[in-house]
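Residue numbers start at 1 and run along the sequence shown.
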Amino acid sequence: MTHTSHDLTLADIARHLNVALEGDGDRPIRGLATLKEAQNDQVAFLANRAYLKDLAETQAAAVLLHPEHAKNCPVPRLEINNPYLGYAQLSQLFDPLPMRDVPGIHPGAVVAESATLGVGVSVHANAVIEDGVVLGDGVVIGAGSVVGADSVLGDDTRLHANVTVCHGVVMGQRVILQSGCVIGGDGFGFAHDGGQWHKIAQLGGVVLGDDVEVGSCSSIDRGALGDTVIGNDVKIDSQVQIAHNVTVGDHSALAGCVGIAGSTHVGRHCMLGGGVGLSGHLTICDGVQVTGMSLVTNSIHEPGVYSSGTGAMSNAQWRKNAVRFKQLDDIAKRLSRLEKHQRGQP
């Protein structure tokens with residue numbers, strides 16, 4: 001549970017969300033919790049019908065829910081059409097992280113004289129800010145993080161501890177980089193002469209739009225010539241690999257362990273499930289959803305939901321299906337011959 005340094009009331013929360021409150025607005029609220037675990041000074045939310053059973057027994061001070069469930073709520077309620085969105089907005093009131101950010105440079109940090117720092121910047125212990133870096137107002141650089149030469153970080157961007165931003169990276173405003181991610185490392189570029197590999201210098205950069213978030217231990221490689229570009233409001237989970245010269249359109253989301261090979265273009269409002277792999281030099285149009293563990297080897301030009309991974313089954317059933325999969329070509333040929341025979345064709 002997290003909480004603010006001062007108490008909020010239910011009325012404060014209703015005003016923050018701009019929703020109507022049914023109940024005592026003076027009740028103090030000190031945190032958020034699930035329906036099952038909430039106490040009488042915490043707000044819970046109902047965003048999934050599977051948890052309706054917990055609503056009947058909740059001890060929460062109030063519940064954030066859709067109006068259709070109002071009659072089933074035994075405690076004060078905050079009615080909203082999108083309870084999960086309301087929960088997201090409400091969570092910001094109880095986030096203790098910003099309260100730890102005291103503007104200034106820790107004595108253990110190293111900041112180049114040629115770097116430009118905006119108003120209210122916070123640089124934590126053992127961070128390194130290299131030559132020519134520009135940090136906008138309110139930027140937070142976590143402990144042990146490195147910002148490479150000539151990189152530009154927009155206002156209110158936050159690097160958690162041990163983030164690596166390589167040289168020449170450009171970020172918009174309100175970017176969040178979780179611990180361990182690497183932005184602007186070399187792309188996987190090598191030429192083979194028949195006997196050994198020769199490294200290709202990666203001469204491009206990385207551009208991140210506004211409101212991008214990158215999860216822990218994810219990598220976004222710099223471009224070989226042009227830039228790797230991540231659009232506005234893109235959300236990237238942990239352990240994601242984005243190769244050189246990839247572009248990801250605005251408002252797309254990539255779940256954990258997604259891998260995108262070089263020079264592939266992902267459109268706007270796309271969602272890639274966990275473990276999805278995209279081959280290189282593809283185009284994925286706007287509005288595409290690819291379900292988890294799918295492998296995409298051809299461009300997708302029509303919006304919709306696409307799948308290639310198969311769900312888990314018993315090993316015995318999988319072994320039978322694997323044998324049949326190998327027989328599909330022969331079965332297709334036999335079926336074609338049978339259809340021709342029925343039509344009287346030779």
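- Looking at residues two or more places apart in sequence or on another chain, you find a ring-ring contact (aromatic ring centres under 6.0 Å, His included) between Phe188 and Phe190.
- Nearest approach of Ala61 to Asn40, heavy atoms of both residues: CB-O, 3.3 Å.
- Aromatic ring centres of His106 and His124: separated by at least 6.0 Å.
- A salt bridge between Arg158 and Asp156 is absent, with no side-chain N of the basic residue lying under 4.0 Å from a carboxylate O of the acidic one.
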Go through it in stages, so that I can follow the logic: the residues are Leu135 and Ile141, the test is side-chain contact (heavy atoms from CB on, under 4.5 Å), and I'd like the CA-CA distance, side-chain angles, deciding distance and then a yes or no.
CA-CA 9 Å; Leu135 303 181; Ile141 307 298; 4.1 Å; yes
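- Put simply, the residue from Val246, Leu177, Thr228 that forms a side chain to side chain contact (heavy atoms under 4.5 Å, CB included) with Ile220 is Thr228.
- With no hydrogens or angles considered, no side-chain donor-acceptor pair links Asp221 and His244 at under 3.5 Å.
- The pair Arg30-Asp41 meets the salt-bridge criterion, since a charged nitrogen lies less than 4.0 angstrom from a carboxylate oxygen.
- Scanning both residues, Pro303 and Asp286, for their nearest heavy atoms gives CB-O, 3.4 Å.
- Note: the hydrophobic cluster containing Leu278 also contains Val288 (ILVMFWY, side chain heavy atoms under 4.5 Å, direct or indirect links).
- Using a 30° and 60° split on the angle between ring planes, Tyr84 and Tyr87 fall in the tilted class, from 30° to 60°.
- Judged as a side chain to side chain donor-acceptor pair (under 3.5 Å), the pairs with a partner in residues 180-194 (not counting sequence neighbours) are, in order, Asp186-Lys199, Asp193-His198.
- For the residue pair Asp131/Ser114, the side-chain donor-acceptor check at 3.5 Å is satisfied.
- Remark: Arg49 engages Glu68 in a salt bridge, criterion side-chain N to carboxylate O under 4.0 Å.
- With respect to Lys36 and Asp54, no salt bridge is recorded, no charged nitrogen being found less than 4.0 Å from a carboxylate O.
- At a threshold of 4.0 Å, the pair Arg77-Glu79 counts as salt-bridged, since one of the basic side-chain nitrogens sits closer than that to a carboxylate oxygen.
- Between Gly189 and Gln202, the shortest heavy-atom distance links the atoms CA-NE2, 4.0 Å.
- For the 3.5 Å distance criterion, the side chains of Gln42 and Gln59 fail to qualify, holding no donor opposite an acceptor.
- Across every non-hydrogen atom of Gln241 and Ser219, the tightest pair is OE1-CB, 3.3 Å.
- Residues Thr9 and Asp26 share a closest heavy-atom pair of CG2-O, 4.0 Å.
- Here the closest heavy-atom approach between residue Val102 and residue Ser122 is recorded as O-OG, 3.2 Å.
- Between the side chains of Ser238 and Ser216, at least one donor N or O sits under 3.5 Å from an acceptor N or O.
- Between Arg27 and Asp24 there is no salt bridge, since no side-chain nitrogen of the basic residue lies less than 4.0 Å from a carboxylate oxygen of the acidic one.
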